[in-house]
2 protein chains.
Amino acid sequence: MVTIYEVAAKAGVSPATVSRVFNGMPVSAEKVDLVRAASDELRYSPNKTARRLRNQTSEIVALLIPDIENPFFTALARGVEDALQAAGYSVVLCNTDDDPDKETHYLDIANSENMAGVILAPVAEDGDIRRLTDRGRPVVAIDRQTGLNIDSVMVDNPAAGIAATSALLDAGYTKIACIAGPVVLEDTEGRALGWRKVVTQRTGAPPLEAYLQHANYRVDGGRLAMQALLALPEPPDAVVSTNNLMAVGAIQVLSEAGLVPPDFGVAVVGDLPFATLPPRAITQVHLPARHLGTTAANMLLERIGGDDQPARTVVLRAQITKSSTPVSAR
Amino acid sequence: MVTIYEVAAKAGVSPATVSRVFNGMPVSAEKVDLVRAASDELRYSPNKTARRLRNQTSEIVALLIPDIENPFFTALARGVEDALQAAGYSVVLCNTDDDPDKETHYLDIANSENMAGVILAPVAEDGDIRRLTDRGRPVVAIDRQTGLNIDSVMVDNPAAGIAATSALLDAGYTKIACIAGPVVLEDTEGRALGWRKVVTQRTGAPPLEAYLQHANYRVDGGRLAMQALLALPEPPDAVVSTNNLMAVGAIQVLSEAGLVPPDFGVAVVGDLPFATLPPRAITQVHLPARHLGTTAANMLLERIGGDDQPARTVVLRAQITKSSTPVSAR
DNA sequence: AGACCCGAAGAAATCGGTTTCGTCAAGGTG
DNA sequence: CACCTTGACGAAACCGATTTCTTCGGGTCT
């Protein structure tokens with residue numbers, strides 16, 4: 001590992017001068033040439049660890065998401081990465097698995113690694129985010145709220161739930177169920193709230209309690225929930241899934257039962273990026289996953305740049321594709 | 001940021017002793033208690049950057065993959081992460097986008113960040129991997145070969161291609177096309193080679209040249225390739241896709257054309273984790289993505305531990321699900 | 001010409017751990 | 001009792017960059 005001292009020796013200058021050359025501080029043209037020549041010859045590249053120790057910061061940002069195998073979060077991650085990459089930062093991706101302990105663990109790492117900032121989809125209400133913010137490290141919450149007063153980027157969840165449910169009602173379905181996430185997580189609650197509200201308003205009565213199923217956010221959760229719905233004495237004729245993977249599970253169960261959409265109405269809050277069904281069979285309320293990521297990244301960059309205006313919350317709207325075939329047309 | 005000096009002062013010992021306590025070196029029980037008490041009270045956590053500068057290494061491993069939005073690589077990443085996490089290491093995920101420049105960039109970062117090792121699906125034949133290995137940093141190749149003499153974990157690609165193609169022939173399809181990846185990448189070539197070999201052997205004649213389509217590895221590539229195949233004067237009645245995402249694109253085009261599998265035979269090397277079709281409609285040759293990851297991670301850990309036996313290549317077999325409905329049964 | 005100022009550049013301190021080296025006391029041996 | 005070994009532990013060097021402090025040379029102003 002070639003150090004700044006070796007470059008300095010070869011160029012016949014002091015290490016300080018070499019450092020100045022690399023950081024754009026004023027150095028005479030003559031010495032700049034000497035240093036450049038020496039460092040090229042030795043293939044010098046600065047040791048980031050040493051620089052970080054001295055500067056107390058690095059060009060690395062941590063991104064904490066619950067599940068890297070969920071396409072929603074990978075799209076979001078791409079957005080974050082693209083924006084930060086362009087600004088010269090690197091991104092470290094961390095899976096929290098919706099586990100508060102893992103979240104704490106990674107926040108500790110971000111702290112002790114002197115990372116420039118953190119973007120996270122919070123699990124715990126008030127994790128150990130304070131540890132970061134107390135040291136002046138910016139933190140941006142994404143997709144989910146925290147109890148803290150920090151920047152955040154959200155989706156308008158009730159509106160998304162309303163849009164998904166309305167589309168099914170418009171298409172002529174009458175008995176609309178909902179597969180929502182774990183009770184503890186608030187974002188899916190917002191979507192389920194939208195569902196309940198629309199059903200109540202437009203049918204004149206609140207939905208059956210059994211029509212609201214709680215599941216984990218994964219494919220198997222969707223499967224179990226859909227099976228439970230189909231086993232009801234009065235099964236629904238359509239379902240709203242509050243996330244993408246649960247919808248996949250639900251559709252799998254429906255296909256296996258011979259109820260291929262649109263014979264059974266399906267609307268999903270989120271995208272099915274690898275869906276192999278004809279696109280018009282299912283109503284998707286597209287979530288701006290990538291945009292969520294770029295927005296959060298840019299907010300973080302502003303904070304890293306020293307911006308200290310009061311905390312902001314940006315709410316992005318989901319965009320509906322109204323494509324369910326109306327019942328009458330079947 | 002509370003440092004080791006503050007802890008030492010509070011405990012009434014030297015910084016060296018505090019360090020020894022945290023690293024399990026022999027220290028009298030009495031002082032251990034003092035140090036523990038002091039560090040708990042101050043909520044001390046060691047500064048990893050300083051430690052890394054001194055030790056010239058860190059508990060961080062870089063994982064370079066082409067595309068984080070491809071479920072194959074996310075599953076692989078989970079495997080890597082699970083294995084390394086258990087050993088106390090953290091994983092940094094990097095997207096190369098199959099771009100040699102990005103690969104080089106991230107390898108440089110791994111180098112200047114003093115990371116403990118690198119696992120990568122190589123893009124370039126000989127990237128700048130040498131820079132790492134020359135410094136004694138272990139590197140493990142995954143899914144794709146390099147020209148270098150380093151540990152690697154591969155899939156038996158020709159066998160996977162053979163299995164996929166054979167399953168379609170067994171099911172009664174006769175005109176079998178193949179959608180392969182970009183010409184430059186060797187793994188998909190292995191799979192396409194398997195396809196060509198089986199078709200030639202079992203039909204007595206090599207496949208039409210036009211039945212081999214090259215595409216990028218993504219959904220849109222699969223779409224374009226499938227469209228080209230359907231537009232042929234003599235279109236095929238089945239297709240082998242050498243990766244998962246291209247298969248999704250192909251199936252989408254088929255559905256749109258009214259040719260839902262198994263009316264048109266589809267076999268894919270790889271998994272369709274979020275498929276919404278009935279599972280038996282498509283032949284999947286399952287790739288052990290996660291296992292690939294854990295295997296690579298464990299090999300890397302051995303190398304980090306100082307193992308210096310000659311470079312190994314582990315070849316994992318794909319596992320076929322024979323599930324295409326025979327033509328006769330339709 | 002002398003006082004003053006400014007920019008360039010070297011010496012040295014600094015970031016926060018780890019580790020070598022040296023000291024000192026306790027315990028064991030001849 | 002003198003000598004040697006052993007183990008705990010503090011002082012200080014060290015990792016490699018950045019930055020403050022200081023010095024020095026060459027203008028400019030009066």
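Numbers restart at 1 for each chain; the letters A, B, ... are given by sequence-line order, proteins then strands.
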Whole angstrom is fine here: how far is it from CG in L53(B) over to P in dG16(C)?
12 Å
Select base, sugar-phosphate, or nothing to describe what V7(B) touches, counting heavy atoms under 4.0 Å on all strands.
nothing
For nucleotides 7-10 of chain C, tabulate all protein N/O to nucleotide N/O atom pairs closer than 3.5 Å, reporting atom names and distance.
unit_1: dA9(C); atom_1: OP1; unit_2: S28(A); atom_2: OG; d: 2.6
unit_1: dA9(C); atom_1: OP2; unit_2: S28(A); atom_2: N; d: 2.8
unit_1: dG10(C); atom_1: OP1; unit_2: K31(A); atom_2: NZ; d: 3.4
unit_1: dG10(C); atom_1: OP2; unit_2: S14(A); atom_2: N; d: 3.0
unit_1: dG10(C); atom_1: OP2; unit_2: S14(A); atom_2: OG; d: 2.7
unit_1: dG10(C); atom_1: OP2; unit_2: T17(A); atom_2: OG1; d: 2.3
unit_1: dG10(C); atom_1: N7; unit_2: R20(A); atom_2: NH2; d: 2.7
unit_1: dG10(C); atom_1: O6; unit_2: R20(A); atom_2: NH2; d: 3.4

Quick one: which residue pairs count as a salt bridge (Lys or Arg N to Asp or Glu O under 4.0 Å) with a foot in residues 106-120 of chain A, not counting sequence neighbours?
R52(A)-E113(A), D108(A)-R131(A), E113(A)-R52(B)
First-last contacting nucleotides on DNA chain D - partner chain A, under 4.0 angstrom, heavy atom
dG16(D) to dT20(D)
Can you list everything that forms a side-chain hydrogen bond (donor to acceptor under 3.5 Å, both in side chains) with S58(A)? Sequence neighbours excluded, please.
none
For R290(B), which residues count as a salt bridge (Lys or Arg N to Asp or Glu O under 4.0 Å) partner, sequence neighbours excluded?
E69(A), D82(B)
Carefully, step by step, assess N111(A) and R137(A) under the rule side-chain hydrogen bond (donor to acceptor under 3.5 Å, both in side chains).
CA-CA 8 Å; N111(A) 214 346; R137(A) 303 283 183 215; 5.4 Å; no
Answer yes when R144(A) and D98(A) have at least one side-chain N-carboxylate O distance shorter than 4.0 Å, and no when they do not.
yes
Identify whether any heavy atom of F22(B) sits under 4.0 Å from a base atom; if not, whether one sits that close to sugar-phosphate; answer base, sugar-phosphate or nothing.
nothing
Between dT19(C) (P) and N23(B) (CG): distance, integer Å:
7 Å
Do any pairs count as a ring pair (Phe, Tyr, Trp, His ring centres under 6.0 Å) and have a residue in residues 75-99 of chain A, sequence neighbours left out, and if so which ones?
none
Expressed in angstrom and rounded to an integer, what is the separation of R51(A) atom CZ from dT14(C) atom C1'?
16 Å
To the nearest Å, give me how far apart CD1 (I4(A)) and C1' (dA11(C)) are.
14 Å
Between CE of M1(B) and C1' of dG16(C) the distance, given in whole Å, is 9 Å
Suppose we screen for side-chain hydrogen bond (donor to acceptor under 3.5 Å, both in side chains). Which residues come up paired with D67(A), at least two apart in sequence or across chains?
none
Restricting to salt bridge (Lys or Arg N to Asp or Glu O under 4.0 Å), what partner residues turn up for R312(A), sequence neighbours left out?
D151(A), E302(A)
What pairs with K31(B) under salt bridge (Lys or Arg N to Asp or Glu O under 4.0 Å), at least two apart in sequence or on another chain?
none
Using atom types as modelled, flag every donor-acceptor pair under 3.5 Å from a side chain in residues 35-45 of chain B to any protein atom, sequence neighbours excluded.
unit_1: S39(B); atom_1: OG; unit_2: V35(B); atom_2: O; d: 3.4
unit_1: S39(B); atom_1: OG; unit_2: R36(B); atom_2: O; d: 3.2

Partner residues of R54(A) under the salt bridge (Lys or Arg N to Asp or Glu O under 4.0 Å) criterion, sequence neighbours left out
none
Does anything in residues 34-48 of chain B come within less than 4.0 Å of DNA chain C? Heavy atoms only, and list the residues if so.
Y44(B), P46(B), N47(B)
